[in-house]
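Below you will find the structure I want to go over with you.
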Protein chains: 2
Amino acid sequence: MARKTGSHAQITGPKIRSEALRLFARHGFAAVSMRQIAAAVGVQAGALYLYTPDKEALLFDLLKTHMDELLEAWAGEPRGAGPVEALEAFVRFHIRFNLSRPDAVFLSYMELRNLGSANFVMIEDLRKAYERELEEILIAGQQAKVFAIPDTKLATMALIAMLTGVTTWFREGGRLSQARIAAIYWDMARKAVGA
Amino acid sequence: MARKTGSHAQITGPKIRSEALRLFARHGFAAVSMRQIAAAVGVQAGALYLYTPDKEALLFDLLKTHMDELLEAWAGEPRGAGPVEALEAFVRFHIRFNLSRPDAVFLSYMELRNLGSANFVMIEDLRKAYERELEEILIAGQQAKVFAIPDTKLATMALIAMLTGVTTWFREGGRLSQARIAAIYWDMARKAVGA
DNA sequence: GTCTATAAACCGATAGAC
DNA sequence: GTCTATCGGTTTATAGAC
């Protein structure tokens, strides 16, 4: 099938998302103009509106995709039999996944406030579903008496904040390898829950 | 001394800072216009420039003040003799102080990128100085063999991220009191460092 | 599918009146 | 100290040519 000159939908669509993700994470959603995104992609600003109805929808698409991929990746992650093994799997998975997508992680933290309330609730629910995955591990370990946790809800929030924090300071080629960092965090997480 | 009609410098100055802090935290620095801040204060946009040379200087003033107050408050905080007591003091102080200023904490995390490089470095150095306070406690405890920490630098980042995370979900009048939350976090922090 | 051109609104910051 | 008015530039989003 013949296409008009300058037709590159299969390239432009993904490129808009990747450049928008990079720019939003670097400068903030409100600070980035549609013209900047278009320039980074290599098209004119008007062309963006063939791929997104408006700027907020572009942000929502990025956040929704990230959360979907996060939950899907965790669902497909192998994990051991007991709560301790499951917690170790979660800790290592969370660090590995988040470090592979630092821009998306940062965006999911910072730019939820730029979403309308309906979109906000949708992303928020996915985030809660992910947190629930960790809490269920903690509850199982608590019931099996292999964890000693004063409050599983607080432990969930504490562990996720601790693990996600890695993305704010980790730099490739730094003092410690990603594997070493994951091992150290697993050690601290394990101790924190009394395992 | 007589003043002209409409002269309220002693009220307007602090109010500009408090309203700007609230709006920047809520919507993001770039998303908030000087006109919005002025409207919240109850003056016209032009009047803001009697109190700040430009918008970025207003943001910097907020962040600098916050970091100065944080370091000053910690410097004046009573703490016990040993590393364990010092760590407990730090944990409780960090939670208490940050929960008393959630907007400033959020801003300090998210909007550093809107600072010019000179201003950025200044805030960053203050943040590092604060982190160093915690790391020195961990190092002292490690040397005294009352902590068992694989890496004091990583433990510092892990603990601060864990503790700061409280500000993202805590709501006054929620399930747990602030004192109870601090006690639970202290329990997890203590275990995490092997004390 | 992309471009150019443009509408309508808003931005940060300043000048001058009071 | 504050206001009104405004400059010069930017914004999101759309219309119509190709």
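Chain A is the first sequence line, chain B the second, and so forth, proteins listed ahead of strands; every chain is numbered from 1.
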Quick one: is dG1(C) close enough that its OP1 or OP2 comes under 4.0 Å of any side-chain N or O from Thr12(A)? no
Please report, to 0.1 Å, the donor-acceptor pairs under 3.5 Å made by any side chain of residues 20-28 of chain B, with sequence neighbours excluded.
{"residue": "Arg22(B)", "atom": "NE", "partner": "Glu19(B)", "partner atom": "OE1", "Å": "3.1"}
{"residue": "Arg22(B)", "atom": "NH2", "partner": "Glu19(B)", "partner atom": "OE1", "Å": "2.7"}

Using the ring pair (Phe, Tyr, Trp, His ring centres under 6.0 Å) rule, collect all pairs that involve residues 146-195 of chain A, keeping only residues at least two apart or in two chains. none
Would you tell me if any nitrogen or oxygen in the side chain of Ser33(B) comes within less than 4.0 Å of OP1 or OP2 on dC11(C)? yes
Pair Arg180(B) + Asp151(A): basic N to acidic O under 4.0 Å: no
What is the separation between atom CZ on Arg35(B) and atom P on dC3(D), rounded to the nearest whole Å? 14 Å
dT10(D) C1' sits how many Å from Ile37(A) CD1, rounded? 15 Å
Residues in contact with DNA chain C, drawn from residues 41-55 of chain B - heavy-atom cutoff 4.0 Å: Gly46(B), Tyr49(B), Asp54(B), Lys55(B)
Those residues at least two apart in sequence (or on a different chain) that pass side-chain contact (heavy atoms from CB on, under 4.5 Å) with Thr156(A) are Glu131(A), Leu134(A), Glu135(A), Leu138(A), Ile160(A)
Give me the residues of residues 20-32 of chain B where at least one heavy atom lies under 4.0 Å from an atom of DNA chain C, by number, or none. Val32(B)
Set of side-chain contact (heavy atoms from CB on, under 4.5 Å) partners for Asp187(B), sequence neighbours left out: Pro150(A), Arg190(B), Lys191(B)
Strictly by side chain to side chain donor-acceptor pair (under 3.5 Å), give each pair with a member in residues 77-86 of chain B just once, sequence neighbours left out. Glu77(B)-Arg96(B)
Residues in ring pair (Phe, Tyr, Trp, His ring centres under 6.0 Å) with Tyr130(A), at least two apart? Phe90(A), His94(A)
Distance, rounded to the nearest Å, where Ile16(B) contributes CD1 and dA13(C) contributes P: 13 Å
Between side-chain atoms of residues 52-59 of chain A and protein atoms elsewhere (two or more places apart, or another chain), which donor-acceptor pairs fall under 3.5 Å?
{"residue": "Thr52(A)", "atom": "OG1", "partner": "Asp54(A)", "partner atom": "O", "Å": "2.8"}
{"residue": "Thr52(A)", "atom": "OG1", "partner": "Leu58(A)", "partner atom": "N", "Å": "3.3"}
{"residue": "Asp54(A)", "atom": "OD1", "partner": "Glu56(A)", "partner atom": "N", "Å": "3.3"}
{"residue": "Asp54(A)", "atom": "OD1", "partner": "Ala57(A)", "partner atom": "N", "Å": "2.9"}
{"residue": "Lys55(A)", "atom": "NZ", "partner": "Phe29(A)", "partner atom": "O", "Å": "3.0"}
{"residue": "Lys55(A)", "atom": "NZ", "partner": "Val32(A)", "partner atom": "O", "Å": "2.7"}
{"residue": "Glu56(A)", "atom": "OE2", "partner": "Gly116(A)", "partner atom": "N", "Å": "2.8"}
{"residue": "Glu56(A)", "atom": "OE2", "partner": "Asn119(A)", "partner atom": "ND2", "Å": "3.2"}

